[in-house]
Amino acid sequence: MTLREPCPCGGDPVGTGYAECCGRWIDHFATAPAPDAAALMRSRYTAFVREDATYLLATWHHSTRPTTLDFDAGIKWLGLEVRAQRGVDDTHAEVEFVARSRLQGRAIRLHERSRFVRENGENGLLRWFYVDGSFS
């Protein structure tokens with residue numbers, strides 16, 4: 001992926017591309033945490049598209065994080081729609097989204113309401129973490 005290509009999450013301002021959208025959180029994880037739960041959710045979608053297990057695991061809350069991640073061979077991610085975002089309080093938020101993909105010719109629609117928590121990360125920076133989600 002080149003830096004000027006559109007970001008897979010679809011949230012990049014016109015003409016800026018991956019580097020100014022999710023790339024600033026994914027490529028600079030150690031020093032630049034996503035500013036809110038919606039930005040983290042978008043960057044996690046982009047990380048799934050790029051099969052970036054390191055970023056996905058680092059942004060997954062330790063209480064629900066799997067030890068490893070496997071990716072479906074041949075999956076083609078088609079798009080992301082953020083339907084709603086809601087701050088529960090200063091350290092908890094929810095983001096509802098629909099992610100579309102295709103696997104072996106079959107269309108897949110993932111509709112999830114994700115929960116996020118904000119706390120200190122390993123390097124002491126305050127950051128958002130994905131906790132879990134419920135599917136519709």
One pair to check against side chain to side chain donor-acceptor pair (under 3.5 Å): Thr91 and Asp89. What are the steps and the verdict?
CA-CA 6 Å; Thr91 59; Asp89 58 33; 3.3 Å; yes

What's the verdict on side chain to side chain contact (heavy atoms under 4.5 Å, CB included) for Leu110 and Phe97, showing C-alpha distance, side-chain angles and the deciding distance?
CA-CA 8 Å; Leu110 173 69; Phe97 70 91; 4.1 Å; yes

[X]: which residues meet the side-chain contact (heavy atoms from CB on, under 4.5 Å) condition with it, sequence neighbours left out?
X: Gln85; result: Ala38, Val95
X: Asp132; result: Arg115
X: Ser136; result: His111

Consider only side-chain heavy atoms of I, L, V, M, F, W and Y, link residues closer than 4.5 Å, and tell whether [X] and [Y] are in one cluster.
X: Val98; Y: Phe116; result: no
X: Tyr18; Y: Val82; result: yes
X: Ile75; Y: Leu78; result: no

Intermediate values then yes/no, side chain to side chain contact (heavy atoms under 4.5 Å, CB included), Tyr130 and Leu56:
CA-CA 9 Å; Tyr130 170 78; Leu56 290 166; over 6 Å; no

Could you tell me the separation between the [atom1] atom of [X] and the [atom2] atom of [Y], rounded to the nearest 0.5 Å?
X: Ile108; Y: Lys76; atom1: CD1; atom2: NZ; result: 13.5 Å
X: Cys9; Y: Met41; atom1: SG; atom2: CE; result: 8.0 Å
X: Arg24; Y: Phe29; atom1: CZ; atom2: CZ; result: 16.0 Å
X: Glu112; Y: Glu94; atom1: CD; atom2: CD; result: 11.0 Å
X: Leu40; Y: Trp60; atom1: CG; atom2: CH2; result: 11.5 Å
X: Glu119; Y: Leu125; atom1: CD; atom2: CG; result: 13.0 Å

Could you tell me which non-hydrogen atom of Leu126 sits nearest to which non-hydrogen atom of Pro33, and how far apart they are?
O-CG, 3.7 Å

Between Asp72 and Glu51, the two heavy atoms sitting closest are O-OE2, 4.3 Å

[X] side-chain N/O to [Y] backbone N/O, donor-acceptor pair under 3.5 Å:
X: Arg65; Y: Leu57; value: yes
X: Ser114; Y: Gly133; value: no
X: Arg127; Y: Gly121; value: no
X: Arg50; Y: Ala47; value: no
X: Arg100; Y: Arg109; value: no

Quick one: does Tyr45's side chain get under 4.5 Å of Pro8's, heavy atoms only?
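Yes, close enough: below the 4.5 Å cut-off.
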
Mutual orientation of the aromatic rings belonging to Phe48 and Trp77 [parallel < 30°, tilted 30-60°, perpendicular > 60°]:
tilted

Heavy-atom neighbours of Asp90 CG exceed 12 at 6.0 Å
no

Taking the six-membered ring for Trp and the single ring otherwise, decide whether the centroids of Tyr55 and Trp25 are under 6.0 Å apart.
no

